[in-house]
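Please read the structure below before turning to the comments.
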Amino acid sequence: MNDTDIEQMDPQNFLYGCELKAGKEVVFNPSDDDFQHQLSLRMVCVDPSTKDELHIVEVEGRDKDGETVKAVLATLKPSTLPSVSLGGFEITPPAVFRLKSGSGPVHISGQHLVLMDGDQSFDEDDDD
Amino acid sequence: MNDTDIEQMDPQNFLYGCELKAGKEVVFNPSDDDFQHQLSLRMVCVDPSTKDELHIVEVEGRDKDGETVKAVLATLKPSTLPSVSLGGFEITPPAVFRLKSGSGPVHISGQHLVLMDGDQSFDEDDDD
Amino acid sequence: MNDTDIEQMDPQNFLYGCELKAGKEVVFNPSDDDFQHQLSLRMVCVDPSTKDELHIVEVEGRDKDGETVKAVLATLKPSTLPSVSLGGFEITPPAVFRLKSGSGPVHISGQHLVLMDGDQSFDEDDDD
Amino acid sequence: MNDTDIEQMDPQNFLYGCELKAGKEVVFNPSDDDFQHQLSLRMVCVDPSTKDELHIVEVEGRDKDGETVKAVLATLKPSTLPSVSLGGFEITPPAVFRLKSGSGPVHISGQHLVLMDGDQSFDEDDDD
Amino acid sequence: MNDTDIEQMDPQNFLYGCELKAGKEVVFNPSDDDFQHQLSLRMVCVDPSTKDELHIVEVEGRDKDGETVKAVLATLKPSTLPSVSLGGFEITPPAVFRLKSGSGPVHISGQHLVLMDGDQSFDEDDDD
């Protein structure tokens, strides 16, 4: 068995992209009960129409106690830093993305990973 | 069995590069039915001939429902951010790259990963 | 067995975020004795209210002899570099984050990884 | 068996560095027939003596059909972006690095990974 | 067995940080004969006291023939690029870090990985 980049073809890998604007949240919470979902966030980018001000991208998720927690994904400004790499920031749903500051638009992109085998539980040892 | 960087030699690793200009899309959709293909995108870079304006690189792929989805790979401007690392953004074909804004040229580079063993299916358990 | 991104769903992956200000340290030292914890730090970002001066984010942890060691996680300035990716800087608790320079606020975000199986010891061979 | 960063000690990991100037190509094509080689490129950086103009670093390698393919590794300018991370851009030899634009010097650094066990073929299943 | 980020808790993961100034080299060469050591370098950052000039951080290590090789880790300037991510640049000791240019201080941070099990040889097949 290989433990390589190519094996990243094994789980289903889909493209994910969304656009944030002031007052427009984006929710990531796939409803398929039999599948497991994860986002591997890659890039946050401004647009030519984005006003030249600091934009703060916030993600809202869950901490280990199940409580809502907010974190800052990226701070961008078109004339200073128009793109930033998140390097594969793994987000487990449910998650909400929003602009904490700035009017946008700001684009988020990454990989939507789906484990298609509903019989395999991640809660058990893989060797069983 | 080794689980290391060196094993990335195991699947065939080829160099990938393309150039985008306004109105010139690049399609990634290898036709070999027996092989499995994936792009691990690494860099997006401007050129000395690129006009000093914001360039938006867009990728079009598939979401989990098989629907077409667009995402922004990078936003670059020669005088602000001439290169950006994508950090290994994995793209499963079919995919189309284009400039959503800007006249280019803009260069995309990365690794083209090919699983040569046509008998091995990624849809089955690896332990079989 | 899969060795892929999707398996990052297996250990519990939670969102981590904190905010640093001058004089306000943040401690990461979960108290659950049966679980193992790790931070995979992803981003350090300024805020629209952050003064335009160099901000130095310091982390204090342990070296291999159990001694306290300090390291610089990031140096940011709103008008020069408002965000920087840490690319998955793994921090084993206990750790303390603070601003060594600058008044903040500065945001740190990443993944809080928790190994739920208290019976499995990382000190033994996995093949046992 | 562990599948961790520390296992990256298992294959031999050596330091790689080269310097590019206009008209001075650098070839990476180790001649050891029994070993397998790969570059994991990490950084591209300018020098204090580098003229303040856009520098384009090009790599020439092979695509899946064995044809020569060129790709842009990085675009740097001392006053705008003096360093850029490639994040582990894996290059399988033979490869040639050169400046497509700019007079240099520009430095490339990374890891040279060598699989010392000549008996193990990456073309066979690891489980054999 | 899990092949995940959380397993990076398995090998001992310690914090590494050092400060470079002109004329002050830093050596990384742990003396424990029974352990195996590696650095996974994450960040290079300037300080508020760093003069606004280009700083070149050089690492000296070994190539595959055991010869000394030098490589450039990062080029920073406080007013242009105060921090840069190395993304996990793996360095096998012995290594020496120094400023090739600039007076500093410049900070390097990352993970010091230690394989505690002295009985396990990385030179043998993992499946034995």
Side-chain angles (χ1 to χ4, degrees), chain A residues 1-5 7-13 36-38 40-41 44 53-66 68-77 80-81 84-92 95 100-102 111 113-117 120-123 125-127, chain C residues 1-20 30-32 35 37 39-50 52 76-89 105-117 119-120 126-128:
Chain A
M1 204 191 65
N2 311 314
D3 296 84
T4 56
D5 276 3
E7 289 231 335
Q8 293 179 356
M9 292 180 193
D10 196 1
Q12 298 292 313
N13 174 46
Q36 297 199 42
H37 297 267
Q38 193 154 306
S40 178
L41 297 180
V44 181
E53 57 188 359
L54 275 184
H55 286 73
I56 315 290
V57 180
E58 185 180 77
V59 56
E60 184 180 304
R62 298 282 167 83
D63 69 10
K64 74 180 178 70
D65 300 316
T68 294
V69 59
K70 295 176 182 179
V72 174
L73 275 187
T75 301
L76 299 175
K77 188 181 179 187
T80 308
L81 187 66
V84 70
S85 174
L86 299 181
F89 195 141
E90 305 281 343
I91 303 285
T92 302
K100 184 185 166 195
S101 180
Q111 301 165 238
L113 303 168
V114 182
L115 186 64
M116 292 299 191
D117 182 359
Q120 181 176 348
S121 168
F122 282 128
D123 296 337
D125 287 346
D126 291 345
D127 291 330
Chain C
M1 202 191 66
N2 311 314
D3 295 85
T4 56
D5 276 2
I6 202 81
E7 289 231 335
Q8 293 179 357
M9 292 182 192
D10 196 0
Q12 297 293 314
N13 174 46
F14 302 102
L15 182 63
Y16 178 80
C18 71
E19 183 189 84
L20 302 176
S31 56
D32 311 291
F35 298 158
H37 298 268
L39 283 182
S40 178
L41 297 180
R42 294 288 169 184
M43 298 296 296
V44 182
C45 304
V46 303
D47 200 86
S49 65
T50 308
D52 195 27
L76 298 175
K77 188 181 180 186
S79 63
T80 309
L81 187 67
S83 294
V84 70
S85 174
L86 300 181
F89 195 141
V106 170
H107 303 275
I108 299 177
S109 61
Q111 301 165 237
H112 178 173
L113 302 169
V114 181
L115 186 64
M116 293 298 191
D117 182 0
D119 296 331
Q120 181 177 348
D126 291 344
D127 291 330
D128 288 350

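Since we're looking at a predicted model, the values are computed, not measured. Below, chain A is the first sequence line, B the second, and so on; all start at residue 1. Heavy-atom basis, side chains included; hydrogens, waters and symmetry copies ignored.
- Taken from SG in C/Cys45 to CG in A/Leu73, the straight-line distance is 7.5 Å, to the nearest 0.5 Å.
- In this structure, the portions of A/Val59 lying under 4.5 Å from any heavy atom of chain C include both its backbone and its side chain.
- Of the listed residues (A/Val84, A/Ile91, A/Asp63), the greatest number of heavy-atom pairs within a distance under 4.5 Å of chain C belongs to A/Asp63.
- Taking NZ from A/Lys70 and CD from C/Glu19, the interatomic distance works out to 12.0 Å, rounded to the nearest 0.5 Å.
- Annotation for C/Asp47 and A/Ile56: closest pair CA-CD1, 4.1 Å, computed over non-hydrogen atoms.
- Of the residues considered (C/Thr80, C/Val44, C/Leu15), C/Leu15 shows the highest number of contacts with chain A, using heavy-atom pairs under 4.5 Å.
- The two residues C/Arg42 and A/Phe89 have their closest heavy-atom pair at CB-CD1, 3.3 Å.
- Of the possible donor and acceptor atoms, one in the side chain of C/Ser109 sits under 3.5 Å from a partner among the backbone N and O of A/Val72.
- Pairing each heavy atom of C/Pro30 with each of A/Lys64, the nearest pair is CB-CE, 4.3 Å.
- Proximity to chain C (any heavy atom under 4.5 Å) is shown, for A/Leu86, by both the backbone and the side chain.
- When every heavy atom of A/Ser101 is checked against every heavy atom of C/Pro48, the shortest pair comes out as OG-CG, 3.1 Å.
- Side chain of A/Thr75 to main chain of C/Val46: a donor-acceptor pair is present (N/O by atom type, distance under 3.5 Å, no hydrogens or angles).
- For A/Glu53, no part sits under 4.5 Å from any heavy atom of chain C, backbone or side chain.
- Of all the heavy atoms in C/Gly17 and A/Val69, the pair that sits closest is N-CG2, 4.4 Å.
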